[in-house]
Amino acid sequence: MHIEKIEYGPEKEGLWSQVAFALIILLTLVAAGITGLIFWRILISDVQVASTRQFNEDIGKLLAYLLFDLAAIIYLYVKGLLQDEYVTTLE
């Protein structure tokens, strides 16, 4: 028989948890702003401008910033807010 019991660790408290929560909120707003800027530039730009190499590089940089921002949000959530879990296996 294989039984796994998941015990949740202590709830995250303290200064680090509060800082992580505040940074997640701030980074989420930044991600929304970057996403809006990408859509705005794509929708508003002229066809001749949108087909240039510089435009594609600028959009690519914005997408890279967005990816980095989302990775930071996930890291802060896992490290700062998500509870630790302990798995006990009985055989």
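The figures that follow rest on heavy atoms only: side chains count, while hydrogens, waters and symmetry mates do not. Since the structure is predicted, the reported quantities are computational estimates derived from the model, not experimental observations.
For the side chain to side chain donor-acceptor pair (under 3.5 Å) condition, the pairs that include at least one residue of residues 36-53, sequence neighbours left out, are R53-E57.
A 6.0 Å sphere centred on CZ of F55 holds more than 12 heavy atoms belonging to other residues, nucleotides or ligands.
The CD1 atom of I42 lies 10.0 Å from the CG atom of L37; values are rounded to the nearest 0.5 Å. Rounding to the nearest 0.5 Å gives a distance of 10.5 Å between CG of L81 and CD of Q18.
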Tell me which donor-acceptor pairs under 3.5 Å the side chains of residues 58-70 have, and how far apart each pair is, sequence neighbours excluded?
residue, atom, partner, partner atom, Å
D58, OD1, Q54, NE2, 3.1
D69, OD2, A31, N, 3.0

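Side-chain contact between L76 and W16 is present, with heavy atoms from C-beta onward closer than 4.5 Å.
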